[in-house]
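Right, one structure below, let's go through it.
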2 protein chains.
Amino acid sequence: MVTTVAARRTRPQRADAKRAEILAGARAEFLSRGYEGASMDAVAATAGVSKMTVYRHFGSKEQLFSGVIRQLCDEIIDEDISEQMDSQPVADAMRMFARRMLSTVYDPVTLQLHRVVVAESSRFPELGNLFYEQGPLRSITLLAAFIKRHPKEFGAHARNAERAAAEFMSLLRGYTHLKALLGLNPSPSEFSEAVESAVDFLLRRNS
Amino acid sequence: MVTTVAARRTRPQRADAKRAEILAGARAEFLSRGYEGASMDAVAATAGVSKMTVYRHFGSKEQLFSGVIRQLCDEIIDEDISEQMDSQPVADAMRMFARRMLSTVYDPVTLQLHRVVVAESSRFPELGNLFYEQGPLRSITLLAAFIKRHPKEFGAHARNAERAAAEFMSLLRGYTHLKALLGLNPSPSEFSEAVESAVDFLLRRNS
DNA sequence: GTCTATATGAAGATAGAC
DNA sequence: GTCTATCTTCATATAGAC
């Protein structure tokens, strides 16, 4: 009886561990080679399991890919910084928000995720949706809520907060983001310039 | 002698015709399936030639891909509309420029090209460069020149015309472009709102 | 549940006839 | 120059032992 109980606990745990290793291996493979370029052999090798084990856990390459992307979309979400933003001057809060955004968006993993999801949006339309909702849309919504909490500072922008938030983020991304996605190396000054442009836009300080 | 002369003209023309057909077939294949997903068998079948002919003309899949992307980058360039812009009020010229940009950027072929080039920017870095230079950079440069020709209307923006032009285009793209790349269908009102936001930004009409 | 070994097909690239 | 036929490799997915 004792051994049975132990087995009941241990076996699923080991299975979960394998599952996590497979996901980790698949993540590396899909991010670096894309959906078509990735091979299930390489996934199994990287995860240190046999290919059969991969198929037992995920059924097919498509389902494994979907699992990897969903996990990444969940992980990449920024922590909610609304409280920290509310405890400082509005302009400082905006700059803080902007810098957090940039460090997330230009993280190499985020860039690769972006490339892969855009590339496979025809084959996996629901992943395109998921990526947009968990990424940009969350940030826009969070920023819009902040704007609404400070109607005086944001003036007319507060009356259309979602639109203002999206425009702020668009100025923040600029074409620097596209350059990074295309493999060009943006110069560091582009980031600080983008922050100032976006903040000035929302606070109407047209220098 | 007559036949020789005729042959001298005809053979290269036929070879060029085949070459064009191969490029057309390859374009369809690469745009719809991506680099890895595309097959040389399918390219040959779509072009109506044998696979050997494809290899005679282009040597390898990589070279064929490069040829296709280069051709697309050349074709997608907008005609120069500077003269038309100069012959009307500045605000109207900006709206015209904006609408042209949008119709180019949201063209299905452009969207697919964008997806593929971003996806393959690691394997083909020079194509990432080319795409940026022939696409966004050309538009930014053209718009910056227009701004410089009208320093009075653009005020402070004219003193940093390249930056102002890039910011204009960033507001114009907004997140609508990303949504389109992710397979989400933007609502029509997003386009006209983006045009007004971008124009208002540059002309400092903060409504 | 996980392994080794394999079925089955398709890919990129080439040989050799004409 | 273009074709048919083929080489070689590697892919996804599975069968069967333990």
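Letters go in sequence order (proteins before strands), and every chain restarts at 1. Quick caveat, the model's predicted, so the values are computed rather than measured.
For the pair B:Lys61 NZ and C:dA13 P, the computed distance is 8 Å after rounding to whole Å. Atom NZ of A:Lys51 and atom P of D:dT12 are 7 Å apart (whole Å). Between B:Leu64 atom CG and C:dA11 atom P there is a gap of 15 Å when expressed in whole angstrom units. Note: CE (B:Met52) to P (D:dT4) measures 13 Å, nearest angstrom. Taking atom CD1 on A:Ile22 and atom C1' on C:dG1, their separation rounds to 11 Å, with Å as the unit. The CG-C1' distance, from B:Asp41 to C:dG12, rounds to 8 Å in whole Å. If you take CZ of B:Arg33 and C1' of C:dA10, they are 13 Å apart, rounded to a whole angstrom. Distance, A:Glu62 CD to D:dA13 C1': 13 Å, rounded to whole Å.
B:Arg173 forms a cation-pi arrangement with A:Tyr175, by the criterion of a distance under 6.0 Å to the ring centre and an angle within 45° of the ring axis.
Between the side chains of B:Ser122 and A:Arg115, no donor-acceptor pair is found at a separation under 3.5 Å. In this model, a donor atom of one side chain and an acceptor atom of the other lie less than 3.5 Å apart for B:Gln84 and B:Arg100. Counting only N and O atoms by type, the side chains of B:Asp41 and B:Ser39 include no donor and acceptor under 3.5 Å apart.
Comparing C:dG12, D:dC3, D:dT12 by their closest approach to the side chain of A:Met40 singles out D:dT12. Minimum atom distance to the side chain of B:Arg56 is reached by D:dG1, of the listed C:dA13, D:dG1, D:dT12. Taking only side-chain atoms of B:Ser60, from C-beta outward, the nucleotide of C:dG12, D:dT14, C:dA13 with the closest atom is C:dA13. Residue B:Val49 places its side chain closer to D:dC3 than to any other of D:dT12, C:dG12, D:dC3.
Using a 4.0 Å heavy-atom cutoff across all strands shown, B:Ala42 reaches no nucleic acid atom at all. Note on B:Lys18: only backbone sugar-phosphate atoms sit closer than 4.0 angstrom, heavy atoms only; bases stay farther off.
Mapped onto DNA chain D by nearest heavy atom, A:Tyr35 and B:Thr53 fall at different nucleotides, with B:Thr53 at the one closer to the 5' end.
Residue A:His57 places at least one side-chain N or O under 4.0 Å from the OP1 or OP2 atom of C:dT2. An OP1 or OP2 oxygen of D:dT4 is reached within less than 4.0 angstrom by no side-chain nitrogen or oxygen of B:Ser50.
No close placement of the B:Phe201 and B:Phe168 rings is indicated, their centers lying 6.0 Å or farther apart.
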